Amino acid sequence: MDIQSIVETDITRSIAELYPGNSCDVQLTPTKKEFEGQYTFVTFPLTKALRQAPAQIGQAIGAWLLKNSTVVSAFNVVQGFLNISIADTAWVGLLNDIVANPNFGILPTKEQSVMVEFSSPNTNKPLHLGHLRNNFLGDSVSKILAANGYDVVKTCIVNDRGVHICKSMLAYKLFGTDASGHGETPESAGMKGDHLIGKYYVLFDKAYKAQIEEMVGQGTPKEEAEKKAPLMLEVQQMLRLWEKGDPETVALWSQLNAWVYAGFDATYKRIGVSFDKTYYESNTYLLGKEVVEEGLQKGVFYRKDDSSVWIDLTEEGLDQKLVMRSDGTSVYMTQDLGTTDLKYQDFHNNRQIWVVGNEQDYHFNVLFAILRKLGRTYAEALYHLSYGMVDLPTGKMKSREGTVVDADDLIQETVDAASAAADDAAKGKLEDFSEEEKATLFQTLGLGALKYYLLKVDPQKRMQFNPTESVDLHGNTGPYIQYVHARIRSVLRKAAELNVVLEGPVAATQLDEIEQQLVFLLSQYPERVAEAGTAYAPSYIAQYAYELAKAFNQFYDRLSILKETDPIKLHTRLILSKSISETIQKAMGLLGIEVPEKM
RNA sequence: GCAUUCGUAGCUCAAUUGGAUAGAGCACCUCACUACGGAUGAGGAGGUUUGGGGUUCGAAUCCCUACGAGUGCACCA
């Protein structure tokens, strides 16, 4: 049992003994650093029942603890706050427990599985900054849930069909193919496939806008021009051809998508993201029609005179929603109903999570409500991990207006920034690195900076992306934490050279305050993992890793490790440092960030 | 207009879910280097938590209200 639980149990016992017949839900909070002690018990909730002053209760419980608890070494009462100090023997014991547990921070299996769906790109343009937040969140949440003892299945649904990809296809046909039928390729253009197709998507939009402008100039109302522009009509024709399976159209579609996938794969590989199963919308977009039938039979849906199908969710505080068009074709909601069933049939996960931006909050409320009404047994365990948009200092990103930050460009910039910073900061520490090792290191640092920057913010919140801050290596950043890891590893290497023992339990000794604080922080790790899991919040882990790294730097500054002459203290500090470096590695690992040995 | 999310230091974010004098980073001003890795540490300044009410021992957090911002309200996905 950890120290906090011991103290909580002891306090519960003290209340039962001191105030028979009374009880209270004992919850400790960490003591604020301006007061002495590590844990604080708030006595206010007891005052009413006991009819005593808060400070009086605090004194009584404190005195009882000092006498009866095995771990409490001192206490003080400030107003109604009972601050409890823990004995060094208890801290040392705790440290030994942590060190002896190779699975520290990996929680026992829940015997349950979770599906996390994320990334879900469109195949008409390369990934941008917004996708990066999505990918990093999805990947990190998957790792956090795995650490919480769940079996995790990572999935991605690729939007590989529809109007958007036809736009790129048409533009490619018109502007990217010469008279003899030879088209531009990623090789001939010297571009990644996803960027090449993105180029044609932009070209389409330009030409389309020009047509609209021309028509409006000739007196056509704007709305009509948007619908009747020749390019738009051609796109719709192309979509119909695709749906009919026209060989030429399908061949073009396959070719362009193949280029895009090659581009995506390169990006995924670089950011270290992978999936257990990828679904393609071209295979799933017709799903859901039998769900509509089922809904009609169960009386959950109803058919209008024009034969379109609807659901009335006004009782749930939502609206009426279309689930099938009057011509019998599916809408987005229909597909999602079908796909959700499909995913459940494939994996039978106890829970399903979607990492999707908050502009779709309403869609998911409706989706979940429908599935509940249809009586799906899994419907109670669906969760939309809704995250806020990423804004630029200049405002919102808009793909059509060219104000997006491209993912590949951004990654390269942060890697370059890490490389540039190393020129004056690393000074000789990388002397024995080959060029290849250096490149790997800068990749680790640049990506670490970027991932940490995007993950340290509460997922639900909209956040601002500042390009200058994102490549910063100082303060609350990924590289700051990576630096602490490299720093500790350096000390440990030096200790090994000096033949100092780095194994074995720590003997009882007196600890400095900062050392107690570090053991305390270490001991909190499993709890933070659990909290991050229930809240689906990598930001909790980011916050924790930073706190731990910062505390280590304070410790490092105040106390010497290798120059310590007392062999017991030397050993304690080394074991403590080692444990911190391992915990930093684990925590950063949950964020998908690697930590270097040297930097 | 209706629904919904949000508003914390100059800027970007925290605040253990209702607990103490609201904390970090950046930027600004000091200080500490023969360094176990200075990509560091210590300190200063910076706040009526958008304004106004309410709930209670106690509110950035819960309720009401005004103001401001985002998002959604397609037989698009």
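Protein chains get the first letters and strands the later ones, always in sequence-line order, with residue 1 at the start of each. Values in this document were obtained by computation on a predicted structure and should not be read as measured data.
- Contacts of A:Glu437 classified as salt bridge (Lys or Arg N to Asp or Glu O under 4.0 Å), with partners at least two apart in sequence or in another chain: none.
- For the OP1/OP2 pair of B:G41 and a distance below 4.0 Å, the side-chain nitrogens and oxygens of A:Asn553 include at least one atom meeting the criterion.
- Dashed line: the shortest gap from a side-chain N or O of A:His474 to OP1 or OP2 of B:U40 is under 4.0 Å.
- Contact between the side-chain N/O atoms of A:Lys563 and the OP1/OP2 oxygens of B:C36 is found at a separation under 4.0 Å.
- OP1 or OP2 of B:G37 sits under 4.0 Å from a side-chain N or O of A:Lys494.
- Aromatic ring orientation, A:Tyr544 versus A:Tyr525: tilted (interplanar angle from 30° to 60°).
- Each of A:Ala422 and A:Thr477 was assigned the nucleotide of RNA chain B with the nearest heavy atom; the assignment lying further toward the 5' end belongs to A:Thr477.
- For A:Arg493 and B:A35, the CZ to P distance is 20 Å, given to the nearest whole Å.
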Under a cut-off of 3.5 Å for both distances of each Watson-Crick or G-U pair, what dot-bracket string does RNA chain B give, using [ ] for crossing pairs and | for inter-strand pairs? (((((((..((((.....[...)))).(((((.......))))).....(((((..]....))))))))))))....
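- The phosphate of B:A24 (OP1 or OP2) has no side-chain N or O of A:Lys550 nearer than 4.0 angstrom.
- A cation-pi contact, defined as under 6.0 Å to the ring centre and within 45° of the axis, links A:Arg161 to A:Tyr285.
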Please assess A:Asn257 against A:Asp160 for the test side-chain hydrogen bond (donor to acceptor under 3.5 Å, both in side chains), listing each intermediate value before the final yes or no. CA-CA 7 Å; A:Asn257 271 345; A:Asp160 62 341; 4.6 Å; no
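- One atom, CG of A:Leu367, and another, C1' of B:A77, lie 14 Å apart when rounded to the nearest Å.
- Along RNA chain B, the nucleotide nearest A:Leu82 and the nucleotide nearest A:Phe555 are compared for position; the residue whose nucleotide lies closer to the 5' end is A:Leu82.
- B:C76 has no base stacking with the ring of A:Tyr332 when judged by centroids under 5.5 angstrom apart and an interplanar angle below 30°.
- The gap from the C1' atom of B:G23 to that of B:C76 amounts to 45 Å, rounded to the nearest Å.
- Ion pairing between a basic and an acidic side chain is recognised when a charged N comes within 4.0 Å of a carboxylate O; A:Glu513 and A:Lys33 show no such pairing.
- Atom CG of A:Asp557 is separated from atom P of B:G37 by 14 Å (rounded to the nearest Å).
- The aromatic rings of A:Tyr208 and A:Phe204 sit parallel to each other, their planes meeting at less than 30°, with 60° as the upper class boundary.
- Contact check, A:Lys33 against B:G23: no side-chain N or O comes under 4.0 Å of OP1 or OP2.
- Distance check on atom C1': B:A20 versus B:C36 gives 38 Å, rounded to whole Å.
- For the C1' atoms, the distance linking B:G44 with B:C62 amounts to 37 Å, nearest Å.
- In this structure, A:Ile514 atom CD1 and B:G41 atom P are separated by 11 Å, rounded to whole Å.
- A salt bridge is absent between A:Asp205 and A:Lys167: the closest approach of a Lys/Arg side-chain nitrogen to an acidic carboxylate oxygen does not fall below 4.0 angstrom.
- Counting only N and O atoms by type, the side chains of A:Ser307 and A:Arg303 include no donor and acceptor under 3.5 Å apart.
- Comparing B:C73, B:C36, B:A77 against the side chain of A:Gln335 picks out B:A77 as the nearest.
- Atom CG of A:Leu473 is separated from atom P of B:A39 by 11 Å (rounded to the nearest Å).
- Spacing of P atoms, B:G19 relative to B:G37, comes out at 42 Å, to the nearest Å.
- A distance of about 7 Å separates the C1' atoms of B:U55 and B:C63, rounded to the whole Å.
- Listed pair A:Arg325 / B:A77 meets the phosphate criterion, a side-chain N or O lying under 4.0 Å from OP1 or OP2.
- Between A:Tyr362 and the phosphate of B:A74, there is no side-chain N or O to OP1/OP2 separation shorter than 4.0 Å.
- With a 6.0 Å cutoff to the six-membered ring centre and a 45° limit on the axis angle, A:Lys304 counts as a cation-pi contact of A:Trp310.
- Spacing between B:A74 and B:U17 at atom C1', rounded to whole Å, works out to 39 Å.
- Contact between the side-chain N/O atoms of A:Gln360 and the OP1/OP2 oxygens of B:A77 is not found at any separation under 4.0 Å.
- One P atom belongs to B:A22, the other to B:G47, and the distance between them is 12 Å to the nearest Å.
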Checking ring-ring contact (aromatic ring centres under 6.0 Å, His included) for the pair A:Tyr383/A:Trp354: CA distance, chi angles, key distance, verdict? CA-CA 6 Å; A:Tyr383 183 76; A:Trp354 285 257; 9.6 Å; no
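- If you take NZ of A:Lys48 and C1' of B:G58, they are 12 Å apart, rounded to a whole angstrom.
- Salt-bridge formation is not detected for the pair A:Lys569/A:Asp512: no Lys NZ or Arg NE/NH1/NH2 atom is positioned less than 4.0 Å from an Asp or Glu carboxylate oxygen.
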The contact string for nucleotides 5-19 of chain B, one letter per nucleotide 5' to 3', using protein heavy atoms under 4.0 Å with B, S and - for base, sugar-phosphate only and none, comes out as -------SSS-BB-B
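- With C1' as the reference atom, B:A15 and B:U71 are 26 Å apart, rounded to whole Å.
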